[in-house]
There are 2 protein chains.
Amino acid sequence: MKKTISILNDPGFEKKDQILDVAEALFSKHGFDGVSIRSLAKQANINIAMVSYYFGSKENLYIAVIERKMVTIRQYLTEAFPNGGNAWDKLYYIIDRYVDRMVDNRSFMNIVFTEVASENREHIVDFLSKRLADNQEAFGGLIVEGIKSGHFREVDPQLAIMSIIGPLKLYVSNPFMVKKMMNENTIEGCYSSVHRDRMKAHLKDLMTRFLKP
Amino acid sequence: MKKTISILNDPGFEKKDQILDVAEALFSKHGFDGVSIRSLAKQANINIAMVSYYFGSKENLYIAVIERKMVTIRQYLTEAFPNGGNAWDKLYYIIDRYVDRMVDNRSFMNIVFTEVASENREHIVDFLSKRLADNQEAFGGLIVEGIKSGHFREVDPQLAIMSIIGPLKLYVSNPFMVKKMMNENTIEGCYSSVHRDRMKAHLKDLMTRFLKP
DNA sequence: CAAATTTAAACAAACGTTTAATTAATGTGC
DNA sequence: GCACATTAATTAAACGTTTGTTTAAATTTG
């Protein structure tokens with residue numbers, strides 16, 4: 001027995017997480033079908049049988065990758081929203097948080113968007129699209145409120161949401177393109193605090209000009 | 001021999017194009033590795049050996065899908081640009097055209113973005129990213145010009161480009177999401193002239209507010 | 001010792017591709 | 001226009017690999 005019997009750790013926690021980390025990165029880059037158990041095992045320095053041992057199957061591993069991050073995403077959603085401030089303050093706040101979350105979880109977000117677009121595994125698609133909808137409603141509700149309170153002009157909330165998520169998704173899911181646009185040599189450089197802040201400032205500026213009456 | 005020997009048609013033109021049509025749709029939705037020759041042959045109503053017969057290999061078929069559409073894309077780029085009009089007119093014109101092109105070639109654009117993001121096949125990535133860069137420079141040059149002429153305020157051209165392409169890419173590559181947002185039941189409904197025009201109007205509105213001094 | 005982990009080997013199924021035989025279409029000489 | 005040779009198109013079957021998964025033995029751990 002290698003496992004540490006602890007209330008804090010699941011059995012096999014470290015190795016499972018090590019596999020999940022590699023799996024997330026690979027699934028994000030090459031898609032479900034583009035990742036073989038053997039290549040994954042090689043990169044994670046494990047025997048190919050360990051995937052079945054820990055997760056049962058490749059599809060279960062894929063689901064496990066998603067569910068692990070879903071816990072994090074759910075925490076985001078239940079986080080306390082700042083009470084004070086008007087619609088503008090709330091919008092700026094949520095943009096800041098959203099950029100950080102998307103950048104920090106960009107591998108995962110890639111998997112989510114790809115999975116939802118492919119419509120291959122119905123139950124996963126349903127599950128993920130609900131979570132995406134929750135996220136978008138956070139923006140949507142904010143914009144509707146802002147319009148009601150008179151802080152924002154009357155815009156189509158859904159197009160407003162797309163104007164935030166669109167550029168941000170482009171930023172986190174196309175490092176090759178972004179590298180060129182940002183004049184950076186490494187992928188990490190693209191997501192340094194400099195460019196993050198640049199994106200935050202831009203999205204806030206863009207939405208300010210778009211929403212102000 | 002079935003082929004019609006004609007200057008207008010390549011030998012086997014119709015069947016090749018029939019295979020390419022199905023291949024483009026499937027590669028777009030499931031990715032290169034997600035498409036098997038057998039499933040493709042079934043959907044295209046051909047024998048599995050026909051892919052090798054016409055294209056040599058699966059990867060060559062993939063390249064053929066890309067190259068076929070590249071001819072169309074190149075035509076777009078060499079099209080005459082309207083001479084009259086100021087920076088605003090040109091911007092509105094190019095947005096209208098770009099939305100139509102992206103929507104009409106959405107399967108292909110999906111393949112392009114996925115391929116560039118995966119960085120799997122270096123020579124294809126290089127080739128495609130150059131074409132993408134050309135497209136983006138069309139926007140970029142326009143914005144820089146507009147700033148110089150005083151029609152636009154001084155913005156970061158690259159972030160401006162991302163603000164156009166981002167929402168548009170979201171629109172054409174996530175029909176599942178868009179179906180919900182647009183309250184449409186079918187994918188075709190999402191790309192009807194109604195929603196196309198809606199997207200055009202929105203992007204023009206968005207950029208107007210973003211760029212006006 | 002006993003239970004959990006790790007391993008190498010083997011499994012059937014699916015993969016891309018090739019083969020050899022068959023069918024369909026065209027060109028040629030008359 | 002017809003028979004025949006030729007070339008192209010199409011097929012079913014088989015090829016060798018790679019796939020995800022399982023097995024049974026070996027190793028590590030408590």
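Naming: A, B, ... by sequence-line order, numbering from 1 per chain.
Nearest to the side-chain atoms of B/Arg38 among the listed nucleotides C/dC15, D/dT10, C/dT7 stands C/dC15. Closest contact between the side chain of A/Ser57 and the listed nucleotides D/dT10, D/dT23, D/dT21 involves D/dT21. Distance from the side chain of B/Ala49 is smallest for C/dT19 among the nucleotides C/dA8, C/dT19, D/dT10. Closest to the side chain of A/Ser52, from the set D/dT23, D/dT21, D/dT10, is D/dT21.
Annotation: A/Phe210 is not in aromatic contact with A/Phe152 [ring centroid separation under 6.0 Å not met]. Annotation: B/Tyr191 is in aromatic contact with B/Tyr171 [ring centroid separation under 6.0 Å]. B/Phe139 and B/Tyr98 have their aromatic ring centers within a separation under 6.0 angstrom.
Going from atom CG of B/Leu26 over to atom P of C/dG16 covers 12 Å, rounded to whole Å. Atom CD1 in A/Ile37 sits about 15 Å away from atom C1' in C/dA13, given to the nearest Å. Atoms CG (B/Asp33) and C1' (C/dA14) sit 14 Å apart, rounded to a whole Å. Distance NZ (A/Lys58) to C1' (D/dT22): 17 Å, rounded to an integer number of Å. The separation between B/Asn45 atom CG and D/dT11 atom C1' is 14 Å, rounded to whole Å. Taking atom CD on A/Glu59 and atom C1' on D/dT19, their separation rounds to 15 Å, with Å as the unit. Computed from coordinates, the B/Asn47 CG to D/dT10 P distance equals 10 Å when rounded to whole Å. Rounded to whole Å, atom C1' of C/dT17 lies 14 Å from atom CG of B/Leu61.
Defined by atom type and a distance below 3.5 Å, a donor-acceptor pair is present between the side-chain atoms of A/Asn120 and B/His30.
At the heavy-atom level, B/Ser36 lies under 4.0 Å from the strands shown only through sugar-phosphate atoms.
Evaluated for a side chain to side chain contact (heavy atoms under 4.5 Å, CB included) with A/Leu206, the options B/Leu206, B/Val155, B/Leu159 yield exactly one hit, B/Leu206.
Between A/Tyr54 and C/dT6 there is a side-chain polar atom (N or O) within less than 4.0 angstrom of OP1 or OP2. Put simply, B/Lys15 has no side-chain N or O that comes within less than 4.0 Å of OP1 or OP2 on D/dA8.
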